[in-house]
Each structure stands twice: as C-alpha cells, then as structure tokens.
Amino acid sequence: MKQVHGCKWKKIMGKKDKVTIAYLREVGFREQMAGIVEPYLKKYKRSGMFLGYDKTPLHYRIYVQKHARGNIVISHGFSEFAEKYNEMIFYFLQAGYSVFFVEHRGHGRSQRKIKNLEKVYVKSFEEYVWDLRVFVKKIVACYSCQKEMILFAHSMGGAIGALYLEKYPKDFQKAILSAPMIQMRVGNIPYPTSMRIANICRLLGFGKTYAAGQHGFADRACFEVSCCLSEERHLYAFAKRLANRKCQTSGATYSWVCAAAKASEYVQENKNIQKIKIPVLLFSAGKEHMVNTDEICRFAAKLQDARLVWILGAKHEIFNAREHERLQFYQEIFNFLGC
C-alpha cells in the first residue's frame, strides 16, 4: 500500500491484516480532503466522455493502478455525481483496486434529455443499464486485464446494479449493494396508489414535470433533513454542488418515478433474481427513509449467495454516517473483498 501522510486516520484492517487503510475522521475532514485526498486522487485520475447506448455523451472518471488486485465499478445514487465518492475511491485505491466511475445520464456532467439541469428524467431504467454496459465493455475493458470485476452500487445505482446483474450476470464476479432502491419509499400514501397517480400524470403529459413533493436545488445546506449523519461530509459534498451547476440535480420527474417503479417490478421477479449467482453483499440502514428496507430483505433472501448487513445507526447514505457506523461499513466491504 502506498503511504498517505498527514491524515488523522483510524486504521481499517482487512482480512488477515493484508491491507491497512488510512481512514479519515470527522474533525478536519474537509481540510484533509482538499489537502491530502484530492491531490492523491489526481495522481490516478483520468476523465473523459463516451457515447452511451443511444450516442448520448456521458462523463466518466477512472483511477487506474498498475498491478491492481481488481476493478471496482461504481454506480451512483439519485442526483449524485463523481466528487461525492472521492473519499470512498481514496479507500479503494489504498486497498489496491482500480476504480471506474460513470455519471449516469441526466447527472453531473453527462448530457440531459431535458433543459432543466435540476430535474432527474429518464424514460426507462434500462437506459441506465445499457449505458453502464457500454461503459464496462468500451472503457473498463481497456484496463481490466482479466482482473476480478466488482460492482459497487448505491440507492438508485443499486436498482441499476441489480438490473444489470440480472441482465448481464457474467460481467461481474462480486457485487456490493448499499441501501439499494429495490423499491423507493413514497411517504404516507400507499405505494401502489402513488405509482398509479404518477403513471396517470405521465400519461397526461406531465412526464417532465417534478413529481409531487419534488423540487429544484436549494442553495442552502440542510444537514438536519439530509441522508447523512456526518455533517462534515455533507458540507463537503454540498460545496461541490454549489461550485458546479451541473452537479445540482435535485428532484425526480414523473417519468423517472414511473421508470423506477417498473424497474422495481422487474428486479423483484423470482426468475430474474435467480440469474444472479455471484456473491452479493447488501447493506440496509436502520434509520432509512428513502428506500423500502422490507423489499431489500426480500430481495436478499432470494439471492443464491448473499450477506445482508444492517447498519442500525445509519441513515440512507451509510458511507456518510457517524464514525462507528462508517468503520463497520468499510470493514464489512474489505472483508467481503478479501483484502
């Protein structure tokens, strides 16, 4: 492992103590990210654009190491972007992996199909999956060198990841699903009723309109109602959003909601789940408010080789929880990877 100097860290010891990772703490987090982590990532980072399945320009970042022990492909969550995963990529690089990140269509620097940069719009989640397959086959394959392929997928990216594993079960050898959106939470209205309303609105021509309860980007940090329990990490990501207009995606459209519901139906079909034969590590948050944890449990129970870990003290973004929960999260991941 390359030495990383200047961090206030706690060591994460991998399986059989093969890997030691410099883990950032809460105090001074943003300063360490700017002064240590970002320069460290810059040494490995390459970025560019590629054409998705329908020639839509999509942005990607790759962090390639010589003699990497494997390749980790990250599928990010709803309204997220590359910089939000800087800390996680820092840890994966220290563990000896090359990392590949694509900003899904309609997110970050990737092209939108609607003019409003703050709306999240897609006709079908299959578009995300087809894009990701192009990324894996056209970009990742150039650097893979027959190394182990691992998928890390969070939230919306978890739904995309589950779909991908069901449609292309041989592309990855392991998968990590963090609070996957097997089914979204919709508030006080029953889920079937909410989905019927969303579909009616879409059919009436409101597919590109914000869904009920959704809205544009707010230029003031609201940590208390966020998915984080680490304020330093929340403020770090928020500053990145403020600095780049393209990273201010915020609210779902009715078309996206309907696409997510259809994806949930497909993902949960027994015949599709049975196609996933690789080891899968799943995480569920005890203070979850964005996705349906019951459906995560049902999905995990049907997988052939799965481990479901509950991080009871965490909210939806488990990797942005308090220190104890974050350490548990990463320890589980690195044990699963056999580091």
Side-chain angles (χ1 to χ4, degrees), residues 47-61 73-85 100-136 138-139 151-164 167 179-181 184 186 198-199 201-202 205-219 227 237-238 240-264 266-267 290-291 316-317:
S47 59
M49 303 292 290
F50 74 101
L51 299 180
Y53 83 96
D54 60 351
K55 309 303 181 185
T56 296
L58 303 174
H59 178 260
Y60 70 90
R61 292 183 179 182
V73 176
I74 296 178
S75 175
H76 67 78
F78 178 82
S79 76
E80 293 184 338
F81 51 96
E83 289 90 338
K84 191 166 181 177
Y85 286 80
F100 301 82
F101 190 104
V102 58
E103 289 182 321
H104 295 303
R105 61 175 54 219
H107 290 79
R109 300 151 188 85
S110 293
Q111 191 175 94
R112 272 81 165 150
K113 293 297 184 181
I114 55 178
K115 292 182 179 180
N116 190 330
L117 297 179
E118 298 177 14
K119 291 181 177 179
V120 182
Y121 169 84
V122 74
K123 290 181 179 179
S124 168
F125 268 46
E126 286 188 312
E127 295 182 89
Y128 293 135
V129 175
W130 294 333
D131 288 338
L132 187 58
R133 187 98 197 291
V134 173
F135 180 64
V136 168
K138 298 295 185 181
I139 306 297
L151 175 66
F152 177 91
H154 169 67
S155 192
M156 177 193 83
I160 296 166
L163 281 169
Y164 192 107
K167 290 179 178 292
M181 193 185 72
M184 72 184 92
V186 293
N199 194 49
C201 291
R202 181 184 63 85
F206 296 101
K208 296 180 180 179
T209 302
Y210 281 124
Q214 300 294 296
H215 52 77
F217 177 70
D219 60 1
C227 296
F238 186 76
K240 297 296 184 183
R241 281 164 66 81
L242 277 179
N244 191 329
R245 184 83 174 84
K246 293 182 178 180
C247 295
Q248 295 176 9
T249 44
S250 179
T253 58
Y254 278 114
S255 180
W256 184 92
V257 170
C258 293
K262 188 174 181 180
S264 293
Y266 185 96
V267 164
M290 300 298 291
V291 300
H316 182 58
E317 292 180 8

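None of these values were measured; they are calculated from a predicted model.
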What heavy-atom pair brings [X] and [Y] nearest, and what distance separates the two atoms?
| X | Y | value |
| --- | --- | --- |
| Gly52 | Val134 | C-CG2, 4.4 Å |
| Leu117 | Arg245 | CD1-CG, 3.7 Å |
| Val120 | Ser250 | CG2-N, 4.4 Å |
| Gly161 | Ala153 | CA-CB, 4.4 Å |
| Phe135 | Val73 | CE2-CG1, 4.3 Å |
| Met184 | Ala261 | CE-N, 4.1 Å |

Q.
Would Leu132 and Val102 count as a side-chain contact (heavy atoms from CB on, under 4.5 Å) here? Give the steps.
A. CA-CA 8 Å; Leu132 187 58; Val102 58; 3.8 Å; yes
Checking side-chain polar atoms at under 3.5 Å, does [X] have a donor or acceptor matched by the opposite partner on [Y]?
| X | Y | result |
| --- | --- | --- |
| Glu126 | Tyr266 | no |
| Tyr60 | Glu103 | no |
| Thr56 | Lys113 | yes |

Q) Taking only residues two or more places apart in sequence, or in another chain, which ones meet Lys246 in a salt bridge (Lys or Arg N to Asp or Glu O under 4.0 Å)? A) none
Got [X] and [Y] here, is their nearest side-chain heavy-atom distance under 4.5 Å?
| X | Y | value |
| --- | --- | --- |
| Leu58 | Leu51 | no |
| Val291 | His316 | yes |
| Met156 | His107 | yes |
| Val129 | Lys167 | yes |

Please confirm whether the backbone N or O of [Y] pairs with a side-chain atom of [X], one donor and one acceptor, at under 3.5 Å?
| X | Y | value |
| --- | --- | --- |
| Ser255 | Val122 | yes |
| Gln214 | Ala211 | no |
| Asp131 | Tyr53 | yes |

Q. side-chain contact (heavy atoms from CB on, under 4.5 Å) between Glu80 and Tyr85: does it pass, once the steps are laid out?
A. CA-CA 9 Å; Glu80 293 184 338; Tyr85 286 80; 2.4 Å; yes
Q) Would the number of heavy atoms belonging to other residues, nucleotides or ligands and lying under 6.0 Å from NZ of Lys262 be above 12? A)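 No.
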Q: May I ask you to check whether over 12 heavy atoms, not counting those of Phe50, lie within 6.0 Å of atom CZ?
A: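 Check passes, neighbour count above 12.
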Could you tell me whether [X] and [Y] have a side-chain N and a carboxylate O separated by less than 4.0 Å?
| X | Y | answer |
| --- | --- | --- |
| Asp54 | Arg105 | yes |
| Arg109 | Glu83 | yes |
| Glu118 | Arg112 | no |

Q: Test the Lys208-Tyr254 pair against the cation-pi criterion, namely NZ or CZ under 6.0 angstrom from the six-membered ring centroid and within 45° of the ring axis.
A: no
Q) Looking at His59, His104, His154, which hits ring-ring contact (aromatic ring centres under 6.0 Å, His included) with His76? A)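 With His76 as partner, His59, His104, His154 yield a single ring-ring contact (aromatic ring centres under 6.0 Å, His included), made by His104.
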About how many Å separate [atom2] of [Y] and [atom1] of [X], when rounded to the nearest 0.5 Å?
| X | Y | atom1 | atom2 | result |
| --- | --- | --- | --- | --- |
| Met49 | Ser110 | CE | OG | 5.5 Å |
| Phe78 | Ser155 | CZ | OG | 9.0 Å |
| Asn244 | Phe81 | CG | CZ | 8.5 Å |
| Gln248 | Asn116 | CD | CG | 11.0 Å |
| Ser79 | Trp256 | OG | CH2 | 9.0 Å |

Q: Step by step, work out the side-chain contact (heavy atoms from CB on, under 4.5 Å) result for Phe100 and Ile74.
A: CA-CA 6 Å; Phe100 301 82; Ile74 296 178; over 6 Å; no
Q: Could you give me the CA-CA distance, side-chain angles and deciding distance for Val136 and Tyr164, then say whether side-chain contact (heavy atoms from CB on, under 4.5 Å) is met?
A: CA-CA 11 Å; Val136 168; Tyr164 192 107; 3.7 Å; yes
